[in-house]
Protein chains: 2
Amino acid sequence: MLAKTDAEGVRAHNRRVVIDQLRRSSVSTRRAVSAATGLSVSSASAITAALIRDGVLIEIPDDERGLKRGRPERRLGFEPSAATVAAVKIAVGEMAVRVSDYAGQPLAYVHRTMTIADLDADRMVAAIADLVREAEALVKRAGHPKTERLTLAVQGKTDAEDGRIVWSPAMKHRDLVVGPKLAQALGATISVCNDCSLMPEGVRWRGGTNARDFAFLFIGFGVGMGLRIGGRTFQDGTNSAVEFGHINHVPGGAACRCGNSGCVEAYAGDYAIWRRALGRPASEIIDRRISDAEIHRLAEDARKAPGDARSAFEEAGIAIGYGLGRLFTIIDPLPIIFTGVGAHAIDLMEPAIRKGIAESSIAEQGADVPFSVEEDVDALVFEAATNHALAGIDERFARSPGRHAEAAE
Amino acid sequence: MLAKTDAEGVRAHNRRVVIDQLRRSSVSTRRAVSAATGLSVSSASAITAALIRDGVLIEIPDDERGLKRGRPERRLGFEPSAATVAAVKIAVGEMAVRVSDYAGQPLAYVHRTMTIADLDADRMVAAIADLVREAEALVKRAGHPKTERLTLAVQGKTDAEDGRIVWSPAMKHRDLVVGPKLAQALGATISVCNDCSLMPEGVRWRGGTNARDFAFLFIGFGVGMGLRIGGRTFQDGTNSAVEFGHINHVPGGAACRCGNSGCVEAYAGDYAIWRRALGRPASEIIDRRISDAEIHRLAEDARKAPGDARSAFEEAGIAIGYGLGRLFTIIDPLPIIFTGVGAHAIDLMEPAIRKGIAESSIAEQGADVPFSVEEDVDALVFEAATNHALAGIDERFARSPGRHAEAAE
DNA sequence: CCATTTTTTCCGAGGCTTGGAAAAAGTCTC
DNA sequence: GAGACTTTTTCCAAGCCTCGGAAAAAATGG
């Protein structure tokens, strides 16, 4: 059902447009905003004026005076203290938080190595709240407000609506409902998201990646995917992650850590590559964590000479290729950005991946999609979770009363 | 990039809202429109008045006078002669068109049995144009305008942007660009769509199917899918069809008509069921068209006693189940509506389908999604293509000048 | 010190929605 | 059959928001 709109809707929408534009080019002038958005200069001025009055934007004093003639432009930017957001990342054996101001600048970072596999919902909430409070304590002095939104990025399947971690390879317990309790403990709005699904948000306002459609493909502890289709992050906000690693590759195939068999991950996850390279049986379930160093070493071996190590990467590539080929049968082929430790061995896998796509898609479609690599997956996830939280704040400010209600005070 | 909006945008949007509401409950009053849309009675009245002036809506004389007190309501409906649309369906050995008025009522139907496999782009355009003109001739007397939009539903892969049939099992030639030439020949806007992708449009304004997410799964000559996700038809308007039938099931498996091997269709398409039931080798490529009667007969055999026929349907079910399981690993599980000749044998396949889903998805997720059957697939496709074309007209009317420009004349 | 240039603000006009009043067009009751 | 009552629809002034153009502001150049 379509919803009606009115003058208020127009204002909210155009505030959104202005805020969105400023996110893209973080410092801008009223005139530039007008040009970029299509709004008249008058409107751009009126809207930014209201946003400044609302404490959302500030005028940034121009440090280096330009040599230009004419009235000097007043540069606009986000008021850093307008809100505080937190990005929490939970992975096997570790938990970390990055607290950022409304301009997106990191204010504090706290990382903790800890056993999280045994935590139940209550202790998980306590641990996260503790971590966030520690980071907030570092921020307090700078006069920033309390954290208003927190985005939790976890491996595994999540349910955004309930704030639930359905299952995660990092935890023994299932169906951990952490959202509501964490919200109460911290007085913040909580989003529980799959880390890979979130990745496209990491480049949301980044100038470079302007492609409307692309996918992040994470290869590491597991194999995950984040999709951007039609300029929006796919299924963001629903309970669904694109569980690329668990698309079935071969019926009744190698043992996967998820309990099933034949998943892509059971061939392309770090443990699967390790298992194959060491000649272990495909039915063996690998419980231990494979370090990045071990994978790097296997990759070196594979580059030196043919053998089990090289075969391991090739078979991983085939599995990924078939997964992509199957995906490309459902959605149009799109560029792939590899990340995670496996991305560093992309040279070993690329031919097999392209071969796998060619064999499993219609008329070899998608076998020639561009590949690229995003090196720092940790930074990407923090960036993504932060952007996700900031987007929520932006939306609140876009809808907030503005000039009229202000005048009524 | 978000686009700004203004008063004109508000008007267009609210016109859209009103038109959309009327599509849902095809006869309504100004008051009912107001209640359903959230617009004030004044606005609903003003907007409908403008739409009546623009020739989009009409007041329908109330035949049976209600027994109610008060000023009698004036019922609103679409002006049938506001526009004419055509839905063309091309399948193996046949071509049919249904011309409808703006209220969605069919005005003419022309069906032709003909060889289309050999047609090149020019002859295809000529054949379609001829068919549509024949149907238009039947309509002319009734005083309806020329066909303004035409939606072409074909089996196979299409490219909506170029108006191209990339490939179709019904045709020998590839890359038939028919859109532009057909547009010129008929003076209409042409959309070239995959028939299955279009299916969810068939229930677009149907009250019953209010589920935001569901999938049509066609089993017949081929195996195809139409997805509705988040209340919108998936990838409608791009060149992508959800080629469910060509998701790889088993690497190096049975021969598929698409030239690849191991596709779902190579197990679940009518020719694959026939091939397996008759004990033919899986590598044999079946060129002939299997009639619905033959499939019905095989289904009867399968119901009577175990044997090749029963195994054929079971193996088809497994392939479909694995395809769905793989799909449900990428998107959330959703209800499935089966259609096509295979839907009549759903009783033979359902257990295998659910087993296949359970084996190929994480934690058996989606193995319990509701199944249902849509009997008349032809009617569904015509309805879908008609609705698709009507939606285009609706959009034009929503954007059209309205009262102000009208006054300027 | 004044002309020029560029950015920003101010102001009236126009369009759209809204709530309330008025009009319209029936049924019901006496 | 006339007036009361009820319900739908239309009319109107008010409020917002955007827009275009004029005016103001704040610098540089000569």
Closest to the Ala7(A) side chain, choosing from dT17(C), dC17(D), dT8(D): dC17(D)

Against the side chain of Lys4(B), the closest entry in dT7(C), dA25(C), dC19(D) is dC19(D)

From the set dT10(D), dT8(C), dG20(C), return the single nucleotide nearest to any side-chain atom of Ser42(B). dG20(C)

Does Asp101(A) have any salt bridge (Lys or Arg N to Asp or Glu O under 4.0 Å) partners at least two apart in sequence or in another chain, and if so, which? none

Sequence neighbours excluded, the answer for salt bridge (Lys or Arg N to Asp or Glu O under 4.0 Å) partners of Glu395(A) is Arg16(A), Arg399(A)

Rounded to the nearest angstrom, tell me the gap between atom CZ in Arg11(B) and atom P in dC17(D). 19 Å

Between Glu8(B) and Val41(A), just flag the one whose closest nucleotide in DNA chain C comes earlier from the 5' side. Val41(A)

Could you state the atom-to-atom distance from CD of Glu59(B) to P of dT8(D) in whole Å? 15 Å

Nucleotide dT9(C), atom C1' - distance to CZ of Arg74(A) in whole Å: 11 Å

Test: Arg23(A) cationic atom under 6.0 Å from Tyr102(A) six-membered ring centre, within 45° of axis: yes

Asp20(B) meets the salt bridge (Lys or Arg N to Asp or Glu O under 4.0 Å) criterion, sequence neighbours left out, with Arg24(B)

Could you tell me which residues satisfy salt bridge (Lys or Arg N to Asp or Glu O under 4.0 Å) with Arg232(B), sequence neighbours excluded, listed by chain and number? none

Does Arg69(A) have a side-chain nitrogen or oxygen under 4.0 Å from the phosphate oxygens OP1 or OP2 of dA3(C)? no

For nucleotides 21-24 of chain C, list the nitrogen or oxygen atoms of the protein found under 3.5 Å from its nitrogen or oxygen atoms, one pair per line.
| from | atom 1 | to | atom 2 | distance (Å) |
| --- | --- | --- | --- | --- |
| dA24(C) | O4' | Arg71(B) | NH1 | 3.4 |

In short, salt bridge (charged side-chain N to carboxylate O under 4.0 Å, His left out) pairs touching residues 76-86 of chain B with sequence neighbours left out are none

In whole angstrom, what separates Arg75(A)'s CZ from dT7(C)'s C1'? 15 Å

